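The structure appears right after this line, and notes come after that.
This one's a predicted model, so the numbers in the text were calculated from it and none came from an experiment.
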Amino acid sequence: MSALMFGQLRAHLSRVRHGAYLVSGSHDACHGRLRGLGRRECWVPTASGQGCLVVPTRGLLGVRGGGGGGACDSQEVPGDRLAPGGGGRSRRPRAARGRGERGVRRPVRPTDSATLAFLLFFKQPSSCLLQGLRICRSIRSAFPPDLLAPSHPSGACEASLACSTCHVYVSEDHLDLLPPPDEREDDMLDMAPLLQENSRLGCQIVLTPELEGAEFTLPKITRNFYVDGHVPKPH
Amino acid sequence: MAPRCWRWWPWTAWPRTRPPPSESTQSRSRAPVGLNGSAGRPASAKYRSFHQQFSTQEQTPQICVVGSGPAGFYTAQHLLKHHSRAHVDIYEKQLVPFGLVRFGVAPDHPEVKNVINTFTRTAHSDRCAFHGNVVVGRDVTVQELRDAYHAVVLSYGAEDHRGLEIPGEELPGVLSARAFVGWYNGLPENRKLAPDLSCDTAVVLGQGNVALDVARILLTPPEYLEKTDITEAALGALRQSQVKTVWIVGRRGPLQVAFTIKELREMIQLPGTRPILDPADFLGLQDRIKEVPRPRKRLTELLLQAATEKPGVAEAARRASASRAWGLRFFRSPQQVLPSPDGRRAAGIRLAVTRLEGVGEATRAVPTGAVEDLPCGLVLSSIGYKSRPIDPSVPFDPKLGVIPNMEGRVVDVPGLYCSGWVKRGPTGVITTTMTDSFVTGQILLQDLKAGLLPSGPRPGYAAIKALLGCRGVWPVSFSDWEKLDAEEVSRGQGAGKPREKLLDPQEMLRLLGR
């Protein structure tokens, strides 16, 4: 399913104008734009007009989920499987989904295998504003502030390697691209519930151009306590 | 529309402006809560549901949280986030909030205390209020809280320590690790502890993170603690301390240690100290850990490495020049504290040698009959905490030391919930408590939505304030705490510390102008 979703998005991105994206600056400057597939991207123009696009997709928080992501009817729990993205996403063919799911902003429905997908598309890696930005902060800035308000459970120790609340699963293809975890990160990961082979601490992941296409999934135990039933305000 | 019109136009008055049925919310004789949240009185049931139908959407659920540590604040945070109107009041018996984050986390672990920033933001919410200096169970009863609020969440933690229950426990020189931690962390009730650190050997009973914290604070060169928020009195005592060796004693083996790898690493690398680990304790362990889960495997591998591998040149030199030492002793269970010849203080501890029975988590230590005496002048027992019953009306399980509950709903008491250590038992780190508090919050909101909580408006803090006023109790608000906070920070600045904690409740009240 992740391949399907990524394929959709890649097709979509290929239609986008050059040099027009950015993202994850301050939320105030973010201009969402409804694209044909009912997907919104969050982008901020910079002076140089270059940069990167971070597209939070899918029903995690339903913020940008539209199009193929809108089905939200998968039930499987990531559990201890090694599948990236937590597996278990709906495999209904796109045609089977209702017309209404396209091009229309829908309220989010809680989903069991929500994936927080950051798909990074870099035009000019050297000038990318996201370079060096840690996953933890980029999660915050890519969503409306009321959703991931300062009281979000992730980052309880504010990125000082003293807790495991920012525990994420990294997509398999990109796991090896990350630098190996520090001993201290491994120590904290030991205490995280639902640990998997592809577990890392989000506060230690620094986004680089090589991570294009990476997907980061929140473990079920974090998501359920935060997002179930929560309906975000439209961006 | 105006309420006064209803007398003239009873049949046309809009339902939402009708006054609520005249039942007293202070009523003590509560009928069991019915399925739709009504008090089960048939006469008003129809009227109530009519009223409810039109006014539910305006109702603000009033929720009370008892305890302002991580459990209390995380529960409050969850409730505020997932209900757009709920109002949460947090009660705390100390004058200052944050519970064990402030009084339990070691001074040399300041990054763990960063959660205070999150809690502060929660407290600043306009739907959240903090009321310190209120002892629930003494100044106000749980029943009074249940009458004033729609739901009450008990998250007051575990303030007692498990006793050793061995002869000699009462001798001077035997302390609970909890009191020792409270002493160096500025808990007002432990400020006069004055532990005697003039002996050269200390024994810590228990092999959890608290035991390692206590050993580490005893052995860390005082200059490393100077820039932390340890109390000045404790720092002074530690500078004079003669303690050179600390034994951390557990009744089971290396595979059952309860501390975590981060704290173990810190001990191994502690400046000015060397570890004393007997390789004989670790024989055969390398094979046994092949199949265990990753956290236990990594921890045991680190222990093995520290016990059996020859250190590198630099590390060997560091250890050789170390003036202090710490060691782990396994398969030893305390039997008796031995007095000094004059009987006035502890001079040693008699340990029964044990062996293990059972497998996995159920592994137990049973005595073999042999004993060993270990001379020492200070015994710190760190074998676990336990909760206290807060109020006779709240069920309590004295054996487990928790409030009997199902997923956070207190058994047989509707509208009463619990979260944190008082719910699960006193183990786990802040993250565990966070997850657990979110579960309780979720359950509470589910019950609210399902109509299982009392309906109709509740007075909330307004009623409690009146009661407290009558009883001469003056609560401390969050902005009062912020004044104390600013005072602590400014006192610490002179010494280069993040804060110098205020220890005397009377002084704190004076600073607040009471």
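Atom CG of A:L161 and atom CD of B:E111 lie 9.0 Å apart (nearest 0.5 Å). Interatomic distance, B:T431 OG1 to A:H167 NE2, rounded to the nearest 0.5 Å: 12.0 Å. Atoms CE and OG1, on A:M191 and B:T260 in that order, are 5.0 Å from each other to the nearest 0.5 Å.
Under the 4.0 Å criterion applied to side-chain N and carboxylate O atoms, B:R298 and A:D187 are assigned as salt-bridge partners. A salt bridge is defined here as a Lys NZ or Arg NE, NH1 or NH2 lying under 4.0 Å from an Asp or Glu carboxylate O, and A:D186 with B:R294 meets this definition.
Side-chain atoms of B:N114 and A:S160, non-hydrogen and from C-beta on, do get closer than 4.5 Å to each other. A:R184 places none of its side-chain heavy atoms less than 4.5 Å from the side chain of B:K262.
Residue contact with chain A, scored on non-hydrogen atoms closer than 4.5 Å, involves the side chain of B:R265 exclusively.
Crowding of B:Q446 atom CD: a count of heavy atoms from other residues, nucleotides or ligands under 6.0 Å exceeding 12.
Between chain A and the residues B:N117, B:L445, B:I430, B:T432, the largest count of heavy-atom pairs under 4.5 Å involves B:N117. When each of B:V429, B:V112, B:I261 is scored by its heavy-atom pairs under 4.5 Å with chain A, the top score falls to B:I261.
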